[in-house]
Each structure stands twice: as structure tokens, then as C-alpha cells.
Amino acid sequence: MTTTAPDESFSVYLAGEQIEGTDIGITYIRVATPIGDLRMTAHEAHQLAATLQHAANYDNTSAPTYNWEPEPALTVTVYGLAGPQGSKSPVGWGRSRTTGKAIPLMRESSAKVKPWRDKVTAAITDAIANGDAQRLAGPVRADITFTMPKPGRAPKRRRTYPAVSPDIDKLERSTYDAITTAKAWEDDGRVIENHNRKVYPGEHPDALSEPGAIIRLYTLTGDPR
């Protein structure tokens, strides 16, 4: 059996031979290629064929994206210095209510966390009360632009980037918790997609003129929950 590619580059043969000094004969698949011959068992040939078939049938189109509403269900602008939540410092010892064992007592290292969370919670609570925003149900996409204070030593005549502390995930954490406190969503587990960023004043289309954040939350089109 011989199969030859149109360009004569590859040939596939069903070949066989006798092991010298024995009565044992073997059969194998021989593939002649421009860089040399390959030998494989029928099982290996089947595996290769299955791999090639899978590659031939692979749909290289992008997976569909989530179908978000074009307008956010909630938009608020909050002024103030965003506080990163997550780093904690020990302040002493206490006892576990469950086990009675001594445990370290921790508090947020950043004193900015509580003031920032209070501002976010107040802004969202007011927006919902005034009818300027609605509570969200179902999956959520978060789009938050954090405007950070630009260091005095940073260049004034070219764009720069806040690729320094605080970490953006810690800014998200404090902000998401404040959104939960405001009851805008059940909890931040509702977020299935986010596009959050840190910028300096005036250096991004959503940058504020002073530290703060623009928070936009989107829901899925037609989601019944």
C-alpha cells in the first residue's frame, strides 16, 4: 500500500521484515519524508491520524464573548485616595470563639482602606437611592479606572504609568467590598469579567483631574436574574 502526497514529499507504506536469526516477522507503517524515514506501529499510526484529523477539524474562530448591555447598570464617580485592601499587620493576640486557642489579631496595614470604602459605599448608596443606578442581579462585568496621585518626581511632559504599588488587585478588593456593603450586588463573586486600570490624572480618557475612581458595572443582555 502506497499513498503519495501531490508534491511527492511524503510517502506512506505498509512494510514488513523478518528479524534476523528468528522466524519472527514484523509489520509496520513506514513514512518516507524529506528528512528521513519514520517507522511506527499500526497503533501509533492511528494515534497520529486522529491527531491530524483533530487539527484539520479545529475551528479557529474566536469563542463568543459575553453579551453585555452597552450601557452600564451602575456608574459612579468617587473622589479620594483609593486604599489597597489585603496587607495586614498584627496588633496583638486574642482567642478563637470556636476553639478557644490564642490567635493573632490583624488589621489592615493601609489606613486608607476604611475611608476609601466608606466613600465608595456612600456614593453607590446615594446613586441607587436617587434612581441614578440600579441594583445588579446575575453576572457582572466591572470596569473601574483608578486615578492615582502622580509623584512629583515623575516627568511632566510625557505620559507615565503607575506601575508601582499599590497593587491593582488590592484596590479592586477594597472597592468590591464597598460595593457589596452598598448592596449593589449580592457579593463580588458576581464578577465574571473585569477591565480595571490604574492611571495618572489627565493621562487616560477616563482619568479624573484628581485621585479617585470611575466605577462602571454592566449586566448581561437579557439575563433574567
Side-chain angles (χ1 to χ4, degrees), residues 59 61-89 96-98 106-149 161-201 203-208 210-225:
D59 183 358
T61 57
S62 299
T65 59
Y66 295 123
N67 189 21
W68 299 108
E69 289 285 354
E71 296 298 325
L74 183 150
T75 302
V76 294
T77 299
V78 185
Y79 290 97
L81 191 57
Q85 180 175 316
S87 299
K88 298 185 182 296
S89 302
S96 168
R97 295 180 181 178
T98 305
M106 310 293 287
R107 70 178 177 192
E108 287 293 333
S109 297
S110 175
K112 305 180 184 72
V113 174
K114 186 178 185 308
W116 174 248
R117 287 181 55 172
D118 288 347
K119 288 182 179 181
V120 173
T121 298
I124 293 177
T125 300
D126 289 347
I128 293 174
N130 296 333
D132 297 327
Q134 56 181 291
R135 301 186 191 279
L136 288 71
V140 175
R141 184 187 106 197
D143 188 316
I144 307 176
T145 301
F146 295 99
T147 301
M148 311 303 293
Y161 303 90
V164 294
S165 295
D167 300 349
I168 194 168
D169 63 318
K170 293 180 179 179
L171 297 177
E172 292 169 354
R173 197 174 306 163
S174 61
T175 305
Y176 287 175
D177 281 357
I179 296 170
T180 301
T181 301
K183 295 182 171 53
W185 58 31
E186 184 178 1
D187 57 55
D188 55 11
R190 295 289 185 178
V191 179
I192 64 170
E193 183 177 336
N194 62 24
H195 300 277
N196 304 328
R197 61 200 63 82
K198 296 186 296 181
V199 301
Y200 286 138
E203 297 189 358
H204 185 277
D206 279 343
L208 301 173
E210 59 186 87
I214 297 178
I215 302 170
R216 297 186 179 96
L217 304 180
Y218 296 80
T219 55
L220 287 171
T221 299
D223 191 87
R225 290 169 290 176

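- Leu74 and Ala133 get closest at one heavy-atom pair: CG-CB, 3.7 Å.
- For the pair Ser174 (side chain) and Gly83 (backbone), a donor-acceptor distance under 3.5 Å is present.
- Counting heavy atoms from C-beta on, the side chains of Pro201 and Leu208 never come closer than 4.5 Å.
- Looking at heavy atoms from C-beta onward, Ile215 lies in side-chain contact with Thr175 at the 4.5 angstrom threshold.
- In terms of heavy atoms, Ile192 sits closest to Pro139 at CD1-CB, 3.6 Å.
- One distance of note links CD of Glu172 with CD1 of Ile144; it measures 6.5 Å at 0.5 Å rounding.
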Would you please test Ile179 and Asp188 for side-chain contact (heavy atoms from CB on, under 4.5 Å) and show each step? CA-CA 8 Å; Ile179 296 170; Asp188 55 11; over 6 Å; no

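- Under the salt bridge (Lys or Arg N to Asp or Glu O under 4.0 Å) criterion, the residue pairs touching residues 133-144 are Arg141-Asp143, Asp143-Arg197, with sequence neighbours excluded.
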Working for side-chain contact (heavy atoms from CB on, under 4.5 Å), residues Val199 and Asp206: CA-CA 9 Å; Val199 301; Asp206 279 343; over 6 Å; no

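- The stretch residues 71-81 participates, sequence neighbours left out, in no side chain to side chain donor-acceptor pair (under 3.5 Å) pair at all.
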Please step through side-chain contact (heavy atoms from CB on, under 4.5 Å) for the pair Arg190 and Leu136, ending with a clear verdict. CA-CA 9 Å; Arg190 295 289 185 178; Leu136 288 71; over 6 Å; no

Which side-chain N or O atoms in residues 121-132 pair as donor and acceptor under 3.5 Å with protein atoms at least two apart or in another chain?
unit_1: Thr121; atom_1: OG1; unit_2: Arg117; atom_2: O; d: 2.9
unit_1: Thr121; atom_1: OG1; unit_2: Ala178; atom_2: O; d: 3.1
unit_1: Thr125; atom_1: OG1; unit_2: Thr121; atom_2: O; d: 2.7
unit_1: Asn130; atom_1: ND2; unit_2: Asp126; atom_2: O; d: 3.1

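- In this structure, CD1 in Ile168 is found 9.0 Å from CE in Met148, a value given to the nearest 0.5 Å.
- Atom OG1 of Thr180 sits about 6.0 Å away from atom CG of Asp187, to the nearest 0.5 Å.
- Remark: Trp185 pairs with Tyr176 by the ring-ring contact (aromatic ring centres under 6.0 Å, His included) rule, at least two apart or across chains.
- In this structure, Arg173 pairs ionically with Asp169, as a charged nitrogen and a carboxylate oxygen lie closer than 4.0 Å.
- The distance from the NZ atom of Lys114 to the CH2 atom of Trp116 is 14.5 Å, given to the nearest 0.5 Å.
- A distance of 6.5 Å separates CG of Leu171 from NZ of Lys198, quoted to the nearest 0.5 Å.
- Partners of Glu193 according to the side chain to side chain donor-acceptor pair (under 3.5 Å) rule, which considers only residues two or more places apart in sequence or in another chain, are Trp68, His195.
- Taking both residues in full, the closest heavy atoms of Ala82 and Phe146 are given as CB-CD2, 3.9 Å, listed atom of the first, atom of the second, then distance.
- Taking all atoms of both residues into account, the shortest heavy-atom contact from Asn196 to Ala142 is OD1-O, 3.4 Å.
- Remark: Pro115 pairs with no residue by the side-chain contact (heavy atoms from CB on, under 4.5 Å) rule, at least two apart or across chains.
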Applying side-chain contact (heavy atoms from CB on, under 4.5 Å), run through Tyr66 and Leu220 and close with a yes or a no. CA-CA 7 Å; Tyr66 295 123; Leu220 287 171; 3.9 Å; yes

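- A donor-acceptor distance shorter than 3.5 angstrom exists from the side chain of Thr221 to the backbone of Asn67, with no hydrogens or angles considered.
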